Amino acid sequence: MKSTGKFEKLGLRSGFDFVLHLPLRYEDETALAAPESAPEGRPVNLEARVLKARVMYRPKRQLIVHAEGLVLRFFNFWGSQLRQFQQAAEAGRRVRAFGELRRGFFGAEMAHPRYRIVDEGEPLPESLTPIYPSTSGISQAELRARVLQELDCADLADTLPPRLTRTYRVKGFADSVRMLHRPPPGVELSALADRTHEAWQRMKFDELLAQQLSMRFAYEKRRTRRAHALPANGALLRHFVRKLPFTLTRAQERAVQQVLHDLALATPMQRLLQGDVGSGKTIVAAVACLAAVDAGHQAAVMAPTEILSEQHWRKFNEWLMPLGVRLAWLHGGLARKQKKTVLEAVARGETQIVVGTHSLVQEGVEFASLALAVVDEQHRFGVGQRLKLRRKAQEAWPHQLMMSATPIPRTLSMTYYADLDVSVIDELPPGRRPVATRLVSAERRGEVLSRIREACAEGQQCYWVCPVIEESKEGDLQTALDTYASLGRELKGPRVGLLHGKLAPAEKAAVMDAFKSGKIDLLVCTTVIEVGVDVPNASLMVIESAERFGLAQLHQLRGRIGRGARDSVCILLFGAELSPAARERLKVVYEESDGFEIARHDLELRGPGEFLGERQSGLPLLRFADLQKDTALIEAARDAAAELIRTDPAAARAHVERWLGAREDLTHA
Ligand code: ADP
Ligand code: MG
């Protein structure tokens, strides 16, 4: 069909795509108003006999149509329209026009109404006129015609067995879609508009059900795959667990048990380890890696930034080197020859655990036997990168442990994370002090500087985080450079260091080293320190232009302090003019220290994109359902998914096919 191409812009390909392209709103053309009494200022449907039509050139070129008691004006028109109206006038036919009415010089007037030439007594439409989401180049008329045509020839059979529609009290599918495309007059328009109408509820339910089913299918498919079983009774693991560097919190203990249980199975683990910043996820990862090593295989630990990978490397070295584990760090600072040596050792299986960034998924990285992939800050990686790491394993699928410090709100974990098993570390190691947060206007920068001076004089260390400048990374860098220079001048005493993303890896490492060992008092930095940086002696953080940061980001940054023995303070410096949204964000970080609460607010303020990481397509994740408002439906759909798979797997497949078809797979395959 000729117009397939343009409909594709709207994501419409198959017939069912059109059926599920639901109206935004409706116009009521099912009744006629009289020109003399119709209200002004809102759309009305009128009909009048056409008397004459002509083109006027003053004050502006326009087509004027005189009908009985009604004048129509068109500023953009075709010559054919003039003829159409003239013929209608000669034949005594009528115009039926839908639009807003004004009372002007000639009486009732409409500009640019939607209209049709009709004969007297022609029946009115029996349903409201749907207005569809569209895009330039596609007219409503043509889109509507196509949608309604597809609706009439599609097989609208219900994918839900009647028992389920009863249990979950949802309307029939066919009735619901027909109702939405062609609502009868008298329908409760407000319920259609806010999507609380039962027909809408059914659509949302179906959408959520499809999503839940696809997650379950992905989960089940994984159960059929083979992985190396990594039993927890190996010598290294037992030794390490007996001599841990600290006592695990109960939450860590539980996470370790869950992970070890999964690893001992011959099906691939797909577990998300969730825990607020500083909750101690790294040690859980280390234990998991030992299980792989004990079983004679390899583990890879992938982090989103070089700095973070270095921290893992250090921790792993400190903990595992004494046990004789052979570790490697694949990083950008390696000379070509060193890199080659590292890669060869990994390929031969000599290296048992390799730590790195996305460099681990590049060409040329081969594993002898990769049994476990740990992905830190998983949402920072695209689906593609995680897949690539997985493909580095040969005969068996690797177990995957994904870690995230971004707490995932409940509705999201019920939906987009439903294909994962989740462990939560909901407890911080003992001795953590809550971080006090202060909101300080940038005008009081002087006071903040004295505070830094005092802190540094007492041997504390501080971070100064420079603002994010949305438009350019270069801008961020410039701000950091300027701040570094000016703080150096203004503060005098303290030793100031600079850390930003553009430094060469070796330089970054050197700066971090100097900060860790106390050779730098104040570290001026960009958000490169946002993830995972761990310097317990740092107890003061200043975030400049805090209003420019996102909620999750502020929470992550603040999590860098409060790790040592001292009370920590996070100062949020804000500029003069705060947008309402920025004010709201600052209020949330000021009032909340619980990552889950912050995440819930973040979801509310920004939607789910932030939690889900990169996607291939820009298509919305859910078209109809709303993660905030439809919690009850999400729960119902989850239960229904379980039941449908159990009782009627074929219907479950058909349902997913109908709703998701060729859409992008959102599972954590
Ligand atoms: P995150 O979950 O943010 O990755 P880390 O694993 O980096 O947290 O742990 C933060 C800090 O707390 C590290 O210095 C780590 O060694 C330490 N730590 C972790 N667990 C405990 C514990 N149970 N007791 C004391 N310190 C711990
Ligand atoms: Mg971490």
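Here the structure is a predicted model, which means the values were calculated and not measured. Both counts, for ligands and for their atoms, begin at 1 and track the order of listing.
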Give the contacting part of Thr247 toward ligand 1: side chain, backbone, both or neither, where contact means a heavy-atom distance below 4.0 Å.
backbone
Heavy atom of Gly278, distance to ligand 1 below 4.0 Å
yes
Nearest to atom 4 (O) of ligand 1 by heavy atom, Thr282, Asp376, Val284: which?
Thr282
Leu248 N/O to ligand 1 N/O under 3.5 Å
no
Side chain, backbone, both or neither: the part of Gln252 lying under 4.0 Å from ligand 1 by heavy atom:
side chain
Do the side chains of Asp513 and Lys508 get close enough for a salt bridge, i.e. N-O under 4.0 angstrom?
no
Considering the heavy atoms of Thr249, write down every atom of ligand 1 situated less than 4.0 Å from one of them.
23 (N)
Sub-4.0 Å heavy-atom approach of Ser279 to ligand 1:
yes
Do you see a donor-acceptor pair shorter than 3.5 Å between the side chains of Arg558 and Thr437?
yes
Please determine if Lys340 and Glu344 form a salt bridge, counting it only when a charged side-chain N lies under 4.0 Å from a carboxylate O.
yes
Using a strict cut-off of less than 4.0 Å between a Lys/Arg side-chain nitrogen and an Asp/Glu carboxylate oxygen, indicate whether Arg451 and Glu454 qualify as a salt bridge.
no
Say whether, by atom type as modelled, one donor and one acceptor occur between the side chain of Lys392 and the main chain of Ala373 under 3.5 angstrom.
no
In this structure, does ligand 1 have an atom that sits under 4.0 Å from one of the heavy atoms of Lys315?
yes
What's the verdict on side chain to side chain contact (heavy atoms under 4.5 Å, CB included) for Leu522 and Gln461, showing C-alpha distance, side-chain angles and the deciding distance?
CA-CA 6 Å; Leu522 173 68; Gln461 288 175 287; over 6 Å; no
